[in-house]
Amino acid sequence: MKGRKALVVGASGLVGGNFLKHLISTKNWNILTLSRRPPADLAGLPHLAVDLLDPQQCQKTAPALTDVTHVFYCARAVATNYQISVDPNRQIVENLMDALLPVAEKLEHVQIIHGMKWYGSNLGPYATPAKESDPRLPGRNFYYEQLDAIINRQRNQNWSWSTLRPHFVCGLAVGSPSNVLSTLGAYAAILKQIGQPLDFPGLQGAFDAKMNITDVRLLARAMEWAATEPRCANEAFNVVNGDTFRWRDVWPTLADHFGMAAGTVRPRRLREFMVDKEAVWPALAQKHGLRSANVADIADWAFADVLFDGAWDQTASMDKAYQYGFTDKVDTKSMMLDILGQYRNVKLLP
């Protein structure tokens, strides 16, 4: 196992950072990280500070990539207001692969993390539970173009690829505000501070819809499994917790966790609603001894609008992963309370 060297791309983000912790805990991998900023806890590991949109920067990393055996690609190019465009996200994959492939003679596997946008979960109702065999949608999709960029380079090569498709990944992360539970926790804390109940900010349809989400720790285990299990070569897998929930069923539990009344369904765009309310966060930070007085470090309101906007079922089948041997499951309600507690413990949420 120690002959394996993992390149964790996007290691400062929610998925990459937590996967990095997982790899460190196994003590079975040599590890190299790559991202624009170093991970919060680099643990003395070598790091490459690279802007993947810059092909010249990527080419300069080539000498450090010669002994990489496994690539775990967890990066995205995200613009203001949670805008994720096709061309930049294709380019960041192509730039890295074009620097890596000429030098990585020991390469065994390239894995890329995608999600339910593969099935059009962000566009409107789609066939649920989504299955990996479902046909692609018409039109451009940055997931399709990223995977095609990898597949085109893999033909007639000895290395293989895999792709995993989680949904609304949940976990503890520092400096990663596009995050379900940190954003929800900040929203609750601000409402509580101004004396309002925990109203659901989406449509009634979103409150009632069936949902899957993914514990980042479950995803990390699945990532290592798919990258090292020979049967997973050149395959795609949905990775969600394995249960289904509705916001209406967990909302009272979440409100109780925050010490609030559950409130009602009150549709609002949080990016607009929070404009004149973010000023209460510095007082909250001082009162509770929080690590950041800037709520933008904790919550991404544009991401929250996407999270609560889908007034349709968003579920995925785990049958394929189970059939191939990955059978881990997570109870979603327990996961939410656990991760929110972690945010409190590290003083990111009050």
Side-chain angles (χ1 to χ4, degrees), residues 4-17 19-20 23 29-40 42 45-115 117-118 136 139-165 173 175-176 178 223 227 234 236 300:
R4 290 174 171 166
K5 183 167 185 177
L7 174 66
V8 182
V9 183
S12 62
L14 168 62
V15 173
F19 181 64
L20 179 60
L23 286 187
W29 292 80
N30 298 304
I31 304 170
L32 173 65
T33 64
L34 185 153
S35 53
R36 281 179 296 180
R37 56 186 173 86
L42 194 53
L45 296 173
H47 175 70
L48 300 172
V50 178
D51 180 353
L52 291 171
L53 285 169
D54 186 333
Q56 292 184 336
Q57 284 191 35
C58 291
Q59 289 295 330
K60 289 179 181 179
T61 67
L65 305 178
T66 56
D67 56 348
V68 168
T69 61
H70 291 71
V71 176
F72 297 93
Y73 199 96
C74 313
R76 283 184 306 180
V78 182
T80 303
N81 294 328
Y82 201 65
Q83 295 298 309
I84 307 175
S85 301
V86 174
D87 289 332
N89 278 284
R90 185 194 70 252
Q91 290 164 8
I92 58 178
V93 170
E94 291 180 334
N95 289 344
L96 179 66
M97 295 297 289
D98 290 345
L100 171 81
L101 293 181
V103 300
E105 297 180 355
K106 299 179 182 179
L107 185 64
E108 297 178 23
H109 194 80
V110 174
Q111 181 181 97
I112 188 162
I113 304 302
H114 282 160
K117 291 186 182 70
W118 181 278
R136 293 186 180 189
R140 299 184 71 193
N141 181 315
F142 76 91
Y143 287 160
Y144 302 167
E145 297 196 15
Q146 285 184 330
L147 185 58
D148 287 346
I150 292 172
I151 291 174
N152 290 338
R153 288 162 173 76
Q154 186 263 344
R155 288 193 179 95
N156 302 317
Q157 302 299 313
N158 293 326
W159 54 274
S160 61
W161 58 265
S162 64
T163 180
L164 305 188
R165 299 171 186 164
S176 185
S178 300
M223 289 169 66
N234 305 331
D300 181 340

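Excluded from the calculations below are hydrogen atoms, water molecules and symmetry mates; all remaining heavy atoms, backbone and side chain alike, are included.
Every residue meeting the side chain to side chain contact (heavy atoms under 4.5 Å, CB included) condition with Ala227, not counting sequence neighbours, appears here in chain and number order: His70, Phe72, His109, Gln111. Partners of Ser12 by side chain to side chain contact (heavy atoms under 4.5 Å, CB included), not counting sequence neighbours, listed by chain and number: Ser35, Arg37.
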| message | One pair to check against side-chain contact (heavy atoms from CB on, under 4.5 Å): Leu45 and Val8. What are the steps and the verdict? | response | CA-CA 11 Å; Leu45 296 173; Val8 182; over 6 Å; no
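In this structure, CG on Leu107 lies 7.0 Å from CE on Met97, to the nearest 0.5 angstrom. In this structure, OG1 on Thr66 lies 10.0 Å from CG on Leu100, to the nearest 0.5 angstrom. Taken to the nearest 0.5 Å, the CZ atom of Arg4 stands 11.0 Å off from the CG atom of Leu23. A distance of 6.0 Å separates NZ in Lys106 from CG in Asp67, rounded to the nearest 0.5 Å. Atom-to-atom distance recorded for Leu48:CG and Leu32:CG is 4.5 Å, nearest 0.5 angstrom. Rounding to the nearest 0.5 angstrom, the gap separating the CH2 atom in Trp161 from the CG atom in Leu147 is 5.0 Å.
Heavy-atom minimum distance, Val68 versus Ala104: O-CB, 4.1 Å. Shown here for Asn95 and Leu52, the closest heavy-atom pair between the two residues is ND2-O, 2.8 Å. What you find for Ala6 and Trp29 is that their closest heavy atoms are CB-CE3, 3.6 Å. What you find for Leu53 and Pro55 is that their closest heavy atoms are O-CD, 3.3 Å. Shown here for Lys5 and Ala64, the closest heavy-atom pair between the two residues is NZ-O, 4.4 Å. Residues Cys74 and Ile113 approach most closely at SG-CG1, 4.2 Å, considering heavy atoms.
Under the side chain to side chain contact (heavy atoms under 4.5 Å, CB included) test applied with Ile150, the options Ile112, Asn234, Thr163, Val71 reduce to a single match, Ile112. Across Arg155, Arg136, Arg153, a single residue satisfies salt bridge (charged side-chain N to carboxylate O under 4.0 Å, His left out) together with Asp148, and that is Arg136. Among the candidates Thr61, Leu96, Ile92, the single residue satisfying the side chain to side chain contact (heavy atoms under 4.5 Å, CB included) test with Val50 is Thr61.
Side-chain atoms of Gln146 do not come within 3.5 Å of backbone N or O of Val93 as any donor-acceptor pair.
With respect to the salt-bridge test (charged N to carboxylate O, under 4.0 angstrom), the residues Asp87 and Arg140 qualify.
Sparse packing is recorded around CG of Asn158, with 12 or fewer heavy atoms of other residues, nucleotides or ligands lying under 6.0 Å away. Within 6.0 Å of the CD atom in Gln157, the count of heavy atoms belonging to other residues, nucleotides or ligands exceeds 12.
At least one side-chain heavy atom of Glu145 sits under 4.5 Å from a side-chain heavy atom of Val86.
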